[in-house]
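Reading through the structure tokens given below for one structure.
Just so it is clear, the values below take in all heavy atoms, side chains as well, and ignore hydrogens, waters and symmetry mates.
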2 protein chains.
Amino acid sequence: MSIRPNKPDPDESREAFRRYLRSRHIKDTSARREVLDVVLGLKGHFQADDVTDLLKGGSRTVGKATVYRTLPLLVDCGILKRVHFDMKRAHFELARGGEPHDHMVCRRCGRIVEFASDEVLELRGRIAREHHFHVIGHRFQLSGLCWECSIACPVAKIAPGSA
Amino acid sequence: MSIRPNKPDPDESREAFRRYLRSRHIKDTSARREVLDVVLGLKGHFQADDVTDLLKGGSRTVGKATVYRTLPLLVDCGILKRVHFDMKRAHFELARGGEPHDHMVCRRCGRIVEFASDEVLELRGRIAREHHFHVIGHRFQLSGLCWECSIACPVAKIAPGSA
DNA sequence: ATGCTTGCAAAACGTTTGCACAGGG
DNA sequence: CCCTGTGCAAACGTTTTGCAAGCAT
């Protein structure tokens, strides 16, 4: 039921990043390219730390400061999307060509189920129009219990306040 | 257009908190009561720090640790709701008797517009059902430009990555 | 050659925790 | 009375920043 990640073409992303950097007069450096390469190899959701660790294993050392400075660029140019599952740390995911989708987070096992729904976009547009709001993006996140956990744990109330 | 905050009755909230504490065998202390009182006097959204600061001005000193330990209790008993506008800090708001609503955040001026829509709940239920997910809560947050800012700033792209 | 980028280390930030004492049940 | 709750300060982990050196343009 969950969306099949149709990963974006790495070469296309690299080219897009290059164009983005040039258009903004930001330098196309090896460190930034390496961050992109690592990120393109990742599946699902990750955090800044994951990228830093993977870069440690690579040929060159890329500091975590650079990772923290590069990830926003990748978000800005549309290659990455920022997602917030908790308020502890920032999570990212590949944007997959911009195919919109949202998340359901299981409060018990932490599992993340993705879903895509045109209705979310419709509704978002309708609401924005009603309030004279120029909508650019949204975040729609359900929290609750996944199928397995709802069986294992009949008591619905878990992790207070994480809605 | 935005929802009129029908604030909950303070006395009722205090009573609800007392019942909650008793039911969980958590002590009904003066510090916790003072946190609740300050919180009930706040309008709109606030963060842990706001509560701590206001408590400093009061008769007794309540440490920020106590605030951080008490706010989750208030969330758990339904008096407060946790909202995340950014990943920097946690924000809270009065639950107003549980009347559900969501937020639109202006990327330019930071203004927060609230909206309530039954359709969000319907959609959420429908999606959860499709994915065999037992939904407990949700967060639906639009980001973009409010009316004033969309006129003042015709360029739609602002604050990269805050979608 | 210029000045944006880098890595490192250290700061900053909100939040959590360890502790000895206070206070509610 | 006991055990939980409290305040303080120090710890925590993520993210940011200051700096001298490096490198793309």
**Item:** Pairs involving residues 54-72 of chain A, ordered by first then second residue, that meet salt bridge (Lys or Arg N to Asp or Glu O under 4.0 Å) (sequence neighbours left out)
**Value:** Glu34(A)-Arg60(A), Asp53(A)-Lys56(A)

Considering residues at least two apart in sequence or located in another chain, which fulfil the side chain to side chain contact (heavy atoms under 4.5 Å, CB included) criterion with [X]?
{"X": "Thr61(A)", "value": "none"}
{"X": "Lys88(A)", "value": "Asp86(A)"}
{"X": "Val135(A)", "value": "Arg124(A), Ala128(A), Phe133(A), Leu142(B)"}
{"X": "Ala48(B)", "value": "Val67(B), Tyr68(B), Leu71(B)"}

**Item:** Carboxylate-amine/guanidinium proximity below 4.0 Å for Asp102(B) and Arg139(B)
**Value:** no

**Asked** Can you name the residues that form a side-chain hydrogen bond (donor to acceptor under 3.5 Å, both in side chains) with Arg111(A), not counting sequence neighbours?
**Response** Glu148(A)

**Item:** Partner residues of Arg22(B) under the side-chain hydrogen bond (donor to acceptor under 3.5 Å, both in side chains) criterion, sequence neighbours left out
**Value:** none

**Prompt:** Quick one: Lys56(A) NZ to dG7(C) P, roughly how many Å, whole number?
**Reply:** 12 Å

**Item:** Interatomic distance where CD belongs to Glu34(A) and C1' belongs to dG7(C) [whole Å]
**Value:** 13 Å

Report, one line per pair, each donor and acceptor closer than 3.5 Å where one atom sits in a side chain of residues 12-21 of chain A; sequence neighbours left out.
residue  : atom : partner  : partner atom : Å
Ser13(A) : OG   : Asp9(A)  : O            : 3.2
Arg14(A) : NH1  : Asp37(A) : OD1          : 2.4
Arg14(A) : NH2  : Asp11(A) : OD1          : 3.3
Glu15(A) : OE1  : Arg18(A) : NH1          : 3.3
Tyr20(A) : OH   : Asp76(A) : OD2          : 2.6

**Item:** Pairwise side chain to side chain donor-acceptor pair (under 3.5 Å) hits with a residue in residues 39-48 of chain B, at least two apart
**Value:** His45(B)-Glu93(B), His45(B)-His103(B), His45(B)-Glu114(B), Gln47(B)-Arg89(B)

**Message:** Let's see if you get this right: which residues in residues 60-69 of chain B place a heavy atom under 4.0 Å from DNA chain D?
**Reply:** Arg60(B), Thr61(B), Val62(B), Gly63(B), Ala65(B), Thr66(B), Arg69(B)

**Request:** Using heavy atoms to find the nearest nucleotide of DNA chain D for Arg32(B) and Met87(B) separately, return the residue whose nucleotide is more 5′.
**Result:** Arg32(B)

**Message:** I want to check one thing: is the phosphate of dT15(C), taken as OP1 and OP2, less than 4.0 Å away from some side-chain N or O of Arg89(B)?
**Reply:** no

**Message:** At a heavy-atom distance below 4.0 Å, which nucleotide of DNA chain D is the first touched by chain B, and which is the last?
**Reply:** dC3(D) to dT16(D)

Tabulate protein N/O versus nucleotide N/O from nucleotides 22-25 of chain C, keeping only pairs under 3.5 Å, one per line.
residue : atom : partner  : partner atom : Å
dG23(C) : N2   : Lys27(B) : NZ           : 3.3
dG24(C) : N2   : Lys27(B) : NZ           : 3.4
dG24(C) : N3   : Lys27(B) : NZ           : 3.4
dG25(C) : OP1  : Asp28(B) : N            : 3.3

